[in-house]
Amino acid sequence: MIFTVYRLELFKMRKRLASWVTYLCFLTLMILIYGVQYYGARQSHGRVYFGYPDALPAVLTVGAAVASTFCVVLVVLMVCNEFDWKTSRQNIIDGLAKWQWLTGKVLLMATIALVLYLSQLAVGGTLAFMGTSAVHRHAFDPTATYVLAACGALLGTLCYASLALLICVSVRSTGPTLAIALIYQVFDNIAARILRGLRLGDIADWLPYQVLNALTSYNQYQPYGSAARSHLEAHWQTGMLFLVASAWVAMLLSVSYKIFTRRDL
């Protein structure tokens, strides 16, 4: 049953023009973000290099914050329209359990996050490949660093998307939900600045969007105590950062489930 619900979610997303327009806007931004780096390297006459292996950190993490924002937009569009059009109520009347409905949305959310991140890797990776020079020599970082950076960027997107899903089932209207979800970025950053100004940085680091920022910073995955980590605003041990992000995702999804099951449709 869950697989059928998931297939229907994918079908609905593929058939919506708004989904394709949002995705094309995302691809355009990715091309601009990585294209500027590629073009700048080509025009620098060797002073700047954007190719493998140096470009791998940028390919893995630079576009992740943009991907998370567009993931939120797509999640809001796909979830709230069912409240706007009353199709969620009809699905429940037709026999679909509330937990099945929400599980379909969670699986869709994870799929959107994965597709956007893979698209980011495809655009950035292609331009980095085009800029790779055989005469350039540079040591690769450990493979684990690249794997952790990729997993962290994807986990950060899921964390922010889970917050968006919570807002969706609470507000249930596309416009206000989208506004709240995007404005939250500003609120989270301002709150973190205030807390750090009051020397409460340890509390600020735990805010959801600050966790996302830490997860999408490549230097976060460098060896602990290295010079690259000295410029980080939040100093996490990687395992602890992943645990906190996973806890945020689990908590946000649990609260979403509680709210959705207890409110009338």
| message | Determine whether Y184 and Y209 satisfy the following criterion, ring pair (Phe, Tyr, Trp, His ring centres under 6.0 Å), listing intermediate values before the conclusion. | response | CA-CA 8 Å; Y184 177 78; Y209 200 74; 7.2 Å; no
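The distance from the OG1 atom of T111 to the CG atom of L114 is 7.0 Å, given to the nearest 0.5 Å. A distance of 10.5 Å separates CG in L148 from OG1 in T143, rounded to the nearest 0.5 Å. For the atom pair L127 CG and M30 CE, the distance stands at 11.5 Å (nearest 0.5 Å).
A chain of hydrophobic side-chain contacts below 4.5 Å, direct or via other Ile, Leu, Val, Met, Phe, Trp or Tyr residues, connects L10 to L74.
Under the rule for a ring-ring contact (aromatic ring centres under 6.0 Å, His included), the partners of W236 that lie at least two apart in sequence or sit in another chain are W206. Judged as a salt bridge (charged side-chain N to carboxylate O under 4.0 Å, His left out), and not counting sequence neighbours, K258 has no contacts. Here R193 pairs with E233 under the salt bridge (charged side-chain N to carboxylate O under 4.0 Å, His left out) rule; sequence neighbours left out. Shown here are the salt bridge (charged side-chain N to carboxylate O under 4.0 Å, His left out) partners of D205, two or more places apart in sequence or in another chain: R196.
A donor-acceptor pair under 3.5 Å links the side-chain atoms of T69 to the main chain of A65, judged by distance alone. With hydrogens and angles ignored, the 3.5 Å screen pairs no side-chain donor or acceptor of Q220 with any backbone N or O of S217. Checked by atom type and distance alone, the side chain of Q37 never pairs as donor or acceptor with a backbone atom of F50 at under 3.5 Å. The main-chain N or O of A144 is never found under 3.5 Å from a side-chain atom of Y221 such that the two would form a donor-acceptor pair. Without hydrogens or angle criteria, Y6 side chain to L107 main chain gives no donor-acceptor distance under 3.5 Å. A donor-acceptor pair under 3.5 Å links the side-chain atoms of T157 to the main chain of A153, judged by distance alone. Side chain of T177 to backbone of S173: a donor-acceptor contact under 3.5 angstrom is found. Side-chain atoms of R172 come within 3.5 Å of backbone atoms of V169 as a donor-acceptor pair (strictly under, hydrogens ignored).
Within a 6.0 Å sphere centred on OH of Y146, other residues, nucleotides and ligands contribute more than 12 heavy atoms.
Pairs passing the ring-ring contact (aromatic ring centres under 6.0 Å, His included) check and including a residue from residues 56-79, sequence neighbours excluded, read F26-F70. Note on residues 105-124: pairs passing salt bridge (charged side-chain N to carboxylate O under 4.0 Å, His left out), not counting sequence neighbours, are E9-K105, E82-K105.
With ring centers used as reference points, W248 lies 6.0 Å or more from F242.
V147 has its side chain within reach of C151: a pair of non-hydrogen atoms, C-beta onward, lies under 4.5 Å apart.
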